[in-house]
Trainee: 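Here it is: the structure, laid out below.
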Amino acid sequence: MRIRLPIVLTVLALATTPAVAQNRAQIDSVRNGQSCPRCNLFQADLTRLERSNLNLTGARLRQADLSLTVLNRARLAGADLRDLNAFGAVMQGADFSGADLTNASLVGASLRNADWTGAKLEGANLSGSDLRGARGLSMSQISRACGDSSTQLPQGLNISSC
């Protein structure tokens with residue numbers, strides 16, 4: 001059986017073309033302060049973004065960089081935040097309910113009064129973070145994360161060292 005050269009070349013071209021894992025237009029929209037529920041912001045660089053009440057409900061922010069952002073009252077319910085880097089972020093009053101923060105780095109983040117109901121924190125690093133006033137945060141969730149002596153949690157919760 002003979003395989004035609006154009007077919008082989010087409011297959012090879014498709015195999016070597018990188019997959020589009022993110023949506024540049026959606027990332028630019030968020031950088032400009034627009035809400036974008038259920039957007040694909042995979043590996044987006046949103047460092048130093050300053051917006052309040054941003055709606056990113058159900059968005060894919062896996063491996064995104066939110067370092068030094070100020071996103072007070074952001075709505076991130078049901079978002080994919082796996083492997084997120086949010087070093088020094090300020091997200092007070094944010095809604096993380098149902099979000100997946102597996103292996104997220106929230107080192108030094110200000111997360112006061114945030115809603116954590118049903119959030120997945122497996123392997124999340126909360127070292128130096130302030131979670132005082134957190135709602136919906138349980139010992140079961142915290143036991144899957146780690147922190148340090150400067151991690152501030154609601155009364156009655158404690159965290160293992162990283």
Trainee: Let me see the working for Thr47 and Leu68 under side chain to side chain contact (heavy atoms under 4.5 Å, CB included), right down to the final yes or no.
Mentor: CA-CA 6 Å; Thr47 56; Leu68 305 173; 5.9 Å; no
Trainee: Starting at CD1 of Ile159, measure out to CG of Leu121 and round the result to the nearest 0.5 Å.
Mentor: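 That separation rounds to 8.5 Å.
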Trainee: Please identify each residue that fulfils salt bridge (charged side-chain N to carboxylate O under 4.0 Å, His left out) with Arg144, with sequence neighbours left out.
Mentor: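 Glu122.
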Trainee: According to side-chain hydrogen bond (donor to acceptor under 3.5 Å, both in side chains), who are the partners of Ser97, at least two apart in sequence or on a separate chain?
Mentor: Asp95
Trainee: Restricting to non-hydrogen atoms, name the atom on Asp65 and the atom on Ser67 that form the minimum distance, rounded to 0.1 Å.
Mentor: OD1-OG, 2.6 Å
Trainee: Hey, mind stepping through Trp116 and Leu111 against side chain to side chain contact (heavy atoms under 4.5 Å, CB included) and telling me if it holds?
Mentor: CA-CA 10 Å; Trp116 297 93; Leu111 305 163; 3.9 Å; yes
Trainee: Among the clusters formed by ILVMFWY side chains lying less than 4.5 Å apart, do Ile27 and Leu84 turn up in the same one?
Mentor: yes
Trainee: Within the distance-only criterion (no hydrogens, no angle test), does the side chain of Asn72 pair as donor or acceptor with the backbone N or O of Gln92 below 3.5 angstrom?
Mentor: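 Checked: pair present.
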Trainee: Distance-only, no hydrogens or angles: does the Asp83 side chain make a donor-acceptor pair with backbone N or O of Asn85 under 3.5 Å?
Mentor: no
Trainee: Would you tabulate the side-chain donor-acceptor contacts of residues 126-138 under 3.5 Å, counting partners in other chains and residues two or more places apart, or write 'none'?
Mentor:
residue : atom : partner : partner atom : Å
Ser127  : OG   : Asn125  : OD1          : 2.7
Ser129  : OG   : Leu106  : O            : 2.3
Ser129  : OG   : Ala109  : N            : 3.3
Ser129  : OG   : Leu126  : O            : 3.4
Asp130  : OD1  : Arg132  : N            : 3.0
Asp130  : OD1  : Arg132  : NE           : 2.9
Asp130  : OD2  : Arg132  : NE           : 3.3
Asp130  : OD2  : Arg132  : NH2          : 2.7
Arg132  : NE   : Gln152  : OE1          : 2.7
Arg132  : NH1  : Gln152  : OE1          : 3.3
Arg132  : NH2  : Gln152  : OE1          : 3.0
Arg135  : NH2  : Asn113  : O            : 3.0
Ser138  : OG   : Ser140  : N            : 3.4
Ser138  : OG   : Gln141  : N            : 3.2
Ser138  : OG   : Gln141  : OE1          : 3.2

Trainee: Calculate, to the nearest 0.5 Å, the distance between atoms CG and CG belonging to Asn55 and Asn53 respectively.
Mentor: 9.5 Å
Trainee: If I compare all heavy atoms of Leu46 with all of Thr69, which pair ends up nearest, and what's the gap?
Mentor: O-CG2, 3.0 Å
Trainee: Looking at Gln26 and Asn40, would you say the former's side chain and the latter's main chain have a donor-acceptor pair under 3.5 Å?
Mentor: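 Answer holds: yes.
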Trainee: Kindly give the heavy-atom pair with the smallest separation between Ala99 and Leu76, and that separation in Å.
Mentor: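 Shortest heavy-atom separation between Ala99 and Leu76 comes out as CB-O, 3.6 Å.
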Trainee: Using 0.5 Å steps for rounding, measure from the CZ atom of Arg75 to the OG1 atom of Thr57.
Mentor: 6.0 Å
Trainee: Is it possible for you to check whether Arg60 lies under 6.0 Å from the centre of the six-membered ring of Phe42, through NZ or CZ, and within 45° of that ring's axis?
Mentor: yes
Trainee: Does one side chain, of Arg24 or Gln22, offer a donor that lies under 3.5 Å from an acceptor on the other?
Mentor: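 Present: a donor and an acceptor within the cut-off.
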Trainee: If I compare all heavy atoms of Leu101 with all of Ala124, which pair ends up nearest, and what's the gap?
Mentor: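 Shortest heavy-atom contact: O-CB, 3.7 Å.
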Trainee: Are any non-hydrogen side-chain atoms of Val30 and Leu49 less than 4.5 angstrom apart?
Mentor: yes
Trainee: Going through the distances and angles, do Cys36 and Leu56 end up as a side chain to side chain contact (heavy atoms under 4.5 Å, CB included)?
Mentor: CA-CA 5 Å; Cys36 199; Leu56 299 173; 4.2 Å; yes
Trainee: Using the salt bridge (Lys or Arg N to Asp or Glu O under 4.0 Å) rule, collect all pairs that involve residues 148-159, keeping only residues at least two apart or in two chains.
Mentor: none
Trainee: Just to verify, what does Asp100 make a side-chain hydrogen bond (donor to acceptor under 3.5 Å, both in side chains) with, not counting sequence neighbours?
Mentor: Thr102
Trainee: What pairs with Arg31 under salt bridge (charged side-chain N to carboxylate O under 4.0 Å, His left out), at least two apart in sequence or on another chain?
Mentor: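 So Arg31 forms a salt bridge (charged side-chain N to carboxylate O under 4.0 Å, His left out) with Asp28.
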Trainee: Are the side chain of Ser110 and the backbone N or O of Val90 linked by a donor-acceptor pair below 3.5 Å?
Mentor: no
Trainee: Before you tell me yes or no, could you show the steps for Leu41 and Asn23 under side chain to side chain contact (heavy atoms under 4.5 Å, CB included), namely the whole-Å CA-CA distance, both residues' side-chain angles and the distance that decides it to 0.1 Å?
Mentor: CA-CA 6 Å; Leu41 307 172; Asn23 185 313; over 6 Å; no
Trainee: A side-chain contact here means heavy atoms from C-beta on lying under 4.5 Å apart; do Thr117 and Phe96 qualify?
Mentor: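 When only atoms from C-beta onward are counted, Phe96 and Thr117 do not touch, as no gap falls below 4.5 Å.
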Trainee: Please confirm whether the backbone N or O of Arg82 pairs with a side-chain atom of Asp80, one donor and one acceptor, at under 3.5 Å?
Mentor: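 Between the backbone of Arg82 and the side chain of Asp80 there is a qualifying donor-acceptor contact (under 3.5 Å).
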